[in-house]
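Okay, so here's the structure we're looking at.
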Protein chains: 2
Amino acid sequence: MNDFTESTNCLDCTKSSACFKKLIPSELEFINQKKTQILYKKGETICKQGAFSSYVLFISDGLVKLYLESPNNKNINIKILKTSEFIGLSSIYGENIYNYSAVALEDSSICLIEKESLRKLLNDNGNFASEIIKWYCANEKQLFNKIKSLGHKQMHGRLADTLLYLCDESFNQKELFSKLSRQDIADFSCISTESAVRLLAELKNEGIIKLEGKHIRIIDKARLIEISKKG
Amino acid sequence: MNDFTESTNCLDCTKSSACFKKLIPSELEFINQKKTQILYKKGETICKQGAFSSYVLFISDGLVKLYLESPNNKNINIKILKTSEFIGLSSIYGENIYNYSAVALEDSSICLIEKESLRKLLNDNGNFASEIIKWYCANEKQLFNKIKSLGHKQMHGRLADTLLYLCDESFNQKELFSKLSRQDIADFSCISTESAVRLLAELKNEGIIKLEGKHIRIIDKARLIEISKKG
DNA sequence: ATAAATAATTGATATTATTCAATATTTCGA
DNA sequence: TCGAAATATTGAATAATATCAATTATTTAT
């Protein structure tokens, strides 16, 4: 993010997500009263797995890495979140804790929204709730893909999945890779950092990817997809 | 399931899920018009991954195994669904296909509900939608647990997770295990059938579980949890 | 600009888990 | 009830992957 002069009023927020468009002005005003906006510096932890979840978070501007922590001090990277995405939506119901951790990959402006207020809106406004459900549908599909990748593919396929995900056009790739380490890439694939490095070198030698400093560029996407499918 | 004389009218259905309790009588009547009830025999496929999803399914009475299929002809078992649970809820929005397959573990009575009608109810009734979101919150947590299990644990920990899940009181265990093969147990853990068999024998020898025909009984739950945690 | 800290790379080895093969057991239909 | 088919079990060989150790490159803080 670059601009911190961005308005903090929900009514004319340009970074708003699809679901907020379903709110009527009075509801937007209501939610505006119930939120605070906070700036997280690059590297700061935005939410911590297991911690008490007082708020649902919304990225008003920034880039965030979402990951699961395991007791053995290893992480599983789940996804990269961009501006206009929620963090910790699922803490709204159920247990009062965050199911994952999130760290700012760049300076990020985050809206903290009171869970109670969000719940009220969900109950009052079915259109709003439906948009949230839409989000959950897409989210579930993504998690199933992760499970398929981890459950049945071996290293090569898993790394291919990671690269295909990270190289998606929807990310500013140069930017993104400059903020990710080999360990991050390994943690997306759930392989050791050393294996990630070795496999990346292999892919480079076969002309499937190009390593330009930290940036990874896919040269032969078809073959990478092939590797992903083969597992 | 035992009784097929069960009423098929949503208004006095005793197998209804929490969310339907949020519907007003006219809405229940509406949904009653928009559903059909079908009996699936044991072993029959209720929904197929990738197939066109015309309906959202609801188990009015039965027991169902939900699993992901991978191209290499291997399956990942996700969960066992019981009476009053939805199948394929996420096909309601997004792509018009089922993200997973489901098979009847016993003769099961399934309600097929028109997606369009369900969408209407979600838009009209925020309380109903909120209950669905509650379900998604719990569902997400479960999927994260699966990801943690697959991503970082090795065979022992993964099998322990499977056994702890399957031996939960919420299932009729004798019944359940009689319907699951070693392959099923392996597919929950994403390990080979042979490995599952070997590890079960190990656990038996160490007095952690007891093998009684097809039924598996946990003797030393504390140690099994230990194994699960250690990974 | 430089030293210290961190991250990336590579090779050798050890561990983990699958596959293949052979045998035993159970289930199921005629 | 019998025999075929499916499922379960066990062992040995092989493959996949992590770990450990050493080295090089990069980043960061002074």
Within the 4.0 Å heavy-atom criterion, would you say A:Ser192 contacts the bases, only the backbone, or no part of the nucleic acid?
base
Expressed as a whole number of angstroms, how long is the span from B:Ile185:CD1 to D:dA8:C1'?
11 Å
Between C:dA17 (P) and B:Asp187 (CG): distance, integer Å
16 Å
Proximity to the side chain of B:Ile191 - top-ranked nucleotide from C:dA17, C:dT18, D:dT17:
C:dT18
5'-most contact on DNA chain C: A:Val197 or B:Gln154, nearest heavy atom basis?
A:Val197
When the distance from CG of B:Leu180 to C1' of D:dA8 is rounded to whole Å, what number comes out?
15 Å
Separation of B:Lys204 atom NZ from D:dT9 atom C1', in whole Å?
11 Å
Please report the C-alpha distance between A:Lys179 and A:Glu175 in whole Å, then the side-chain angles of each, then the deciding distance to 0.1 Å, and finally whether the side-chain contact (heavy atoms from CB on, under 4.5 Å) criterion is met.
CA-CA 7 Å; A:Lys179 284 152 189 160; A:Glu175 278 260 60; 2.9 Å; yes
B:Tyr93 six-ring centre to A:Lys134 NZ/CZ under 6.0 Å and within 45° of normal:
yes
Nearest to the side chain of A:Arg182, which nucleotide is it out of C:dT9, D:dT7, D:dA18?
C:dT9
In whole angstrom, give the distance that lies between atom NZ of A:Lys179 and atom P of C:dA7.
17 Å
Ignoring backbone atoms, test whether B:Lys74 places a side-chain nitrogen or oxygen under 4.0 Å from the OP1 or OP2 oxygen of C:dT19.
yes
Output yes when B:Glu69 and B:Lys74 qualify as a salt bridge under the 4.0 Å nitrogen-oxygen rule, no when they do not.
no
Between C:dT19, D:dA8, D:dT17, spot the one nearest the side chain of B:Glu194, thanks.
C:dT19
Test log, rule side-chain contact (heavy atoms from CB on, under 4.5 Å), inputs B:Ile80 and B:Leu166
CA-CA 8 Å; B:Ile80 301 293; B:Leu166 293 175; 4.1 Å; yes
Could you tell me how far apart A:Glu212 (CD) and D:dT26 (P) are, to the nearest whole angstrom?
15 Å
A:Ser189 and A:Thr162: side-chain donor and acceptor closer than 3.5 Å?
yes
Tell me: CD of A:Gln183 to P of D:dT26, nearest whole Å?
19 Å
Nearest-nucleotide pick for A:Ala201, side chain only, options being C:dT10, C:dT16, D:dT17
C:dT10
When the distance from NZ of B:Lys153 to P of C:dT16 is rounded to whole Å, what number comes out?
16 Å
Both B:Asp184 and B:Arg198 contact DNA chain D. Which one's nearest nucleotide lies toward the 5' end?
B:Asp184
Judged by nearest nucleotide, the residue sitting upstream toward the 5' end of DNA chain D, A:Lys214 or A:Ser195, is A:Ser195
